[in-house]
Amino acid sequence: MRKEAEGRKGNLDYVRPEIFPDENDVKKATEQGKPITVRFAVPQTEQIVVQDMVRGEISFAAGEIGDFIILKSDGFPTYNFACVVDDYLMKITHIIRGQEHLNNTPGQQVLWQTLFPDIPLPKYAHMSVTISDTGGKLSKRERPTALRKAIKAPQEIDLEALAAAGDIGRDELDSFISGKTTPDMPNIDAMAKHLDVALPEINIVDFFKNGYLPETMVNFLALLGWNPGDNREIMPVEELTKAFDLSRLSKSNSLFDRQKLLAFNTEHIKMISAEKLLLHFKSYLKAIVSPIASADDELLSIIIKLCEGARTLAQIEQKSEFLFVDNDKIKFDDKAVKKVLLKSDGLAILAIVREKLAAMNELTEQGIEDMLRGLAEEKQVGLGKIAQPLRVAICGTTISLPIFDSVRLLGKENTLKRIDNTLKKFQTQT
RNA sequence: GGCCCCAUCGUCUAGGCAGGCCUAGGACACCGGGUUUUCAACCCGGCAACAGGGGUUCGAAUCCCCUUGGGGCUACCA
């Protein structure tokens, strides 16, 4: 390792001086106010061979690795220097990291060998990189990029309102749209929400907020670039830990497949214990600030149970949110209204259902089922024809908990009130 | 541009290092059918790959070379 004072303009390729600067040169440079950096003199006459646990021998030609800076002019060490010292201090035995670090390795290795000649080199393992479906490696920049694309899509967007929603200035928004700058993630998220566009999940919190289980993520991520060698895929974490083995890391890059992730999540929701699922669901509700968060454990457990087969916690939330909304605050989904209420005799059937429900003393699942099935038979139609108008009336959408349970949980009074509201609201539109 | 890594169904991958057991296995997706009160879930069936070209060998998905393709790195950032 030698010190050297670097010339003022360092934009040219660095050429090692014939004679290394000494203390005097440093002093002189300092007095003249010149910035000083320290470089590591990398041996230039022989090739550097790195032993990698997944890729085997990787060689770099002699002279390929230049003298890199280890101490910046501000006095701080660079990453490549600091991490070698760190690894030594922490007695690191295995360095397992992404392939993007492969090219840092020869430099770090030589540094280690010079600094700590008596300490064996850590073992290196460079894992494959996970590629996003948009091309490059999975990067947090994808979210702003996706948002920008959505803004640029051919449609009318109130930019003033958008800037306000994102809590940024209009000029800041313009700068973002033109690709010059990028606002912070919370602002990005707020704008995405305002425009109702889904940004790709990148950070682990993104997945969490979209209803994925931690167990799912661990399992899925583990299987990217690794596999147990048999046909097992969906595994509890303990099993995964037992099966894991560095020697089975694969060399080729993998693509992050969100559909498969969804399938994994579906399986894990089925697999984990009811207690764990309840805990996950509760923290999910808190994180997205759902009105359902106010429900007690008993009710939440019932809801979860009714959502057997759900793919994400978000689906469970969506299906049961209607139970926690005021009767007159139901948001009606246009498509649902058109399809089941306004088309054919949806409203007429709803009116009949209302009377039959009103006539019932007590709402039990069995009672509701018998009533609806009886009506379907009487009318010579499928149960769907009867159930769907009712569903839309009380939920605003065609997607909810099973209808009998929905009605029972909502209660007679609320159900009737919602039916009345619905009839009043849409009767004029037929 | 330079350097490095990689290459089996659309996707994740098994098999490759120890060539014949591979008419290439599984999973997701997709397509058909069933079940069904919505969305899911579930059941049955189906489609689908060794990037191309040269070698080596009795024999290659498996070993070697080239081409092509993909990815990474290329900061006084970490």
Side-chain angles (χ1 to χ4, degrees), chain A residues 6 10-11 13-14 35-39 50 52 54-56 58-61 63-66 68-83 86 97-107 126-133 135-137 220 223-234 247-248 250-264 266-267 269-270 306-312 315-316 318-319 333 336 339-340 368-369 372-373 376 381-392 395 397-407:
Chain A
E6 196 177 8
N11 50 357
D13 277 349
Y14 172 80
I36 296 169
T37 59
V38 179
R39 285 176 187 267
V50 172
D52 186 88
V54 350
R55 278 152 228 281
I58 302 162
S59 45
F60 297 81
E64 189 60 48
I65 311 298
F68 55 93
I69 291 177
I70 55 177
L71 205 66
K72 301 188 277 176
S73 57
D74 63 6
F76 279 94
T78 58
Y79 165 75
N80 275 308
F81 180 37
C83 82
D86 247 28
R97 55 190 359 177
Q99 196 208 176
E100 57 265 42
H101 284 281
L102 202 49
N103 290 298
N104 291 149
T105 312
H126 287 91
M127 305 183 292
S128 53
V129 168
T130 294
I131 307 298
S132 167
D133 44 17
K137 66 174 175 177
F220 187 74
L223 252 34
L224 245 28
W226 174 85
N227 72 81
D230 47 39
N231 285 336
R232 284 179 295 168
E233 289 201 318
I234 309 283
S247 73
R248 292 200 58 86
S250 68
K251 300 188 245 221
S252 44
N253 291 164
S254 48
L255 193 133
F256 194 82
D257 182 351
R258 291 164 196 282
Q259 282 185 307
K260 187 151 185 169
L261 176 69
L262 235 199
F264 268 55
T266 310
E267 290 306 315
I269 287 181
K270 275 190 211 140
L306 290 174
C307 288
E308 238 168 328
R311 316 207 74 183
T312 64
Q315 289 187 345
I316 303 179
Q318 283 153 9
K319 278 184 171 187
D333 176 62
K339 195 174 162 203
V340 313
I368 298 162
E369 176 162 2
L372 291 176
R373 285 198 192 280
V381 295
L383 185 53
K385 274 267 186 269
I386 310 290
Q388 287 301 77
L390 175 58
R391 192 190 300 277
V392 174
C395 308
T397 84
T398 53
I399 300 170
S400 80
L401 300 176
I403 191 66
F404 314 132
D405 300 286
S406 293
V407 172

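Chain letters run A, B, ... following the sequence lines, proteins first, then strands; residues in each count from 1.
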(request) Quick one: list whatever passes salt bridge (charged side-chain N to carboxylate O under 4.0 Å, His left out) with A/Lys339, sequence neighbours left out. (result) none
(request) State which of B/U38, B/A40, B/A78 makes the closest approach to the side chain of A/Thr398. (result) B/U38
(request) Provide the closest heavy-atom pair for A/Pro402 versus A/Leu306 in the form atom of the first, atom of the second, distance. (result) CD-O, 3.9 Å
(request) Taking atom P in both B/A29 and B/A41, compute the distance separating them and give it to the nearest angstrom. (result) 8 Å
(request) Mind checking side chain to side chain donor-acceptor pair (under 3.5 Å) for A/Asp230 and listing every partner two or more places apart, or none if nothing turns up? (result) A/Arg232
(message) Suppose we define a pair by two distances each less than 3.5 Å, Watson-Crick or G-U wobble; what does B/G16 pair with here?
(response) none
(message) Between B/G69 and B/G59, how far apart are the two P atoms, rounded to whole Å?
(response) 32 Å
(message) Would you measure the distance from the P atom in B/C4 across to the matching atom in B/U67 and give it in whole Å?
(response) 14 Å
(message) For B/U68, give the paired nucleotide (Watson-Crick: N1-N3 plus N6-O4 or O6-N4; G-U: N1-O2 and O6-N3; both under 3.5 Å), or none.
(response) B/A7
Heteroatom pairs (N/O) under 3.5 angstrom, protein to nucleotides 42-53 of chain B:
{"from": "B/C42", "atom 1": "OP1", "to": "A/Lys270", "atom 2": "NZ", "distance (Å)": "2.7"}

(request) Searching all strands shown, indicate the nucleotide that pairs with B/G1 (Watson-Crick or G-U wobble; both distances under 3.5 Å). (result) B/U74
(request) For A/Phe60, check ring pair (Phe, Tyr, Trp, His ring centres under 6.0 Å) against everything at least two apart and list the hits. (result) none
(request) Answer with yes or no whether A/Arg391 presents, from its side chain, a donor or acceptor under 3.5 Å of a partner atom in the base of B/U37. (result) yes
(message) Please compare A/Thr78 and A/Asp405 by the position of their nearest nucleotide in RNA chain B and report the one closer to 5'.
(response) A/Asp405
(request) Please state whether the phosphate of B/A41, meaning OP1 or OP2, lies under 4.0 angstrom from any side-chain nitrogen or oxygen of A/Arg311. (result) yes
(message) Roughly how many Å apart are B/G71 and B/C47, using the P atom of each and rounding to a whole number?
(response) 32 Å
(request) Quickly work out the A/Glu308 CD to B/U37 P distance and round it to whole Å. (result) 17 Å
(request) Any strand is fair game: report the nucleotide pairing with B/U23 by Watson-Crick or G-U wobble, both distances under 3.5 Å, or none. (result) none
(message) Applying side chain to side chain donor-acceptor pair (under 3.5 Å), can you list everything that pairs with A/Thr105, at least two apart in sequence or on another chain?
(response) A/Arg97, A/His126
(request) Could you give the distance separating B/C64 and B/C6 at their P atoms, to the nearest angstrom? (result) 11 Å
(request) Encode nucleotides 3-13 of chain B as B, S and - characters from 5' to 3', where the letter depends on protein heavy atoms closer than 4.0 Å: B to the base, S only to sugar-phosphate, - to neither. (result) SSBSS---SBS
(message) Between C1' on B/C39 and CD on A/Gln315, what's the gap in Å once rounded to a whole number?
(response) 7 Å
(request) Give the minimum heavy-atom separation between A/Gly229 and A/Asn227, together with the two atoms involved. (result) N-OD1, 2.7 Å
(message) Without decimals, in angstroms, what is the distance between A/Tyr79 OH and B/C76 P?
(response) 16 Å
(request) Answer with base, sugar-phosphate or nothing: what part of the nucleic acid does A/Asp133 contact at a heavy-atom distance below 4.0 Å? (result) nothing
(message) Tell me the interatomic distance from A/Tyr14, atom OH, to B/A75, atom P, rounded to whole angstroms.
(response) 16 Å
(request) Quick one: label A/Ser73 by what it contacts on the DNA or RNA (base, sugar-phosphate, nothing), any heavy atom closer than 4.0 Å. (result) base
(request) Rounded to the nearest angstrom, tell me the gap between atom CG in A/Asp230 and atom C1' in B/G26. (result) 10 Å
(request) With sequence neighbours left out, write down each residue that passes salt bridge (charged side-chain N to carboxylate O under 4.0 Å, His left out) with A/Lys137, or none if nothing qualifies. (result) A/Glu100
(message) List the residues meeting side chain to side chain donor-acceptor pair (under 3.5 Å) with A/Ser132, not counting sequence neighbours, and say none if there are none.
(response) A/Thr134, A/Glu142
(request) Report the base-pairing partner of B/A61 (Watson-Crick or G-U wobble, both distances below 3.5 angstrom), or none. (result) none
(message) My understanding is that only residues two or more places apart in sequence, or in another chain, count here; which of them pass salt bridge (charged side-chain N to carboxylate O under 4.0 Å, His left out) with A/Lys385?
(response) none
(request) For residues A/Pro77 and A/Ile70, determine if any side-chain heavy atom of one lies less than 4.5 Å from a side-chain heavy atom of the other. (result) no
(message) Within the 4.0 Å heavy-atom criterion, would you say A/Lys385 contacts the bases, only the backbone, or no part of the nucleic acid?
(response) nothing
(request) Between B/C9 and B/C22, how far apart are the C1' atoms? Round to whole Å, please. (result) 15 Å
(request) Using atom types as modelled and distance alone, determine if a side-chain donor or acceptor of A/Thr78 lies under 3.5 Å from a backbone N or O of A/Ile69. (result) yes
(message) Measuring only the P atom in each nucleotide, how far is B/U11 from B/C30? A whole number of Å is fine.
(response) 15 Å
(request) Whole angstrom is fine here: how far is it from CD1 in A/Ile403 over to C1' in B/U37? (result) 7 Å
(message) Between P on B/U38 and CG on A/Leu401, what's the gap in Å once rounded to a whole number?
(response) 14 Å
(request) With a 3.5 angstrom cut-off on both distances, give the Watson-Crick or G-U wobble partner of B/C30, or none if there isn't one. (result) B/G46
(message) Work out how far the P atom of B/G20 is from that of B/C73, and round it to whole angstrom.
(response) 37 Å
(message) Please tell me whether A/Phe68 and A/Tyr79 form a close aromatic pair, meaning their ring centres lie under 6.0 Å apart.
(response) no
(message) Measure CD1/A/Ile316 against C1'/B/A40 and give the value in whole Å, please.
(response) 11 Å
(message) Judged by each residue's nearest nucleotide on RNA chain B, which is more toward the 5′ side, A/Leu383 or A/Asn80?
(response) A/Leu383
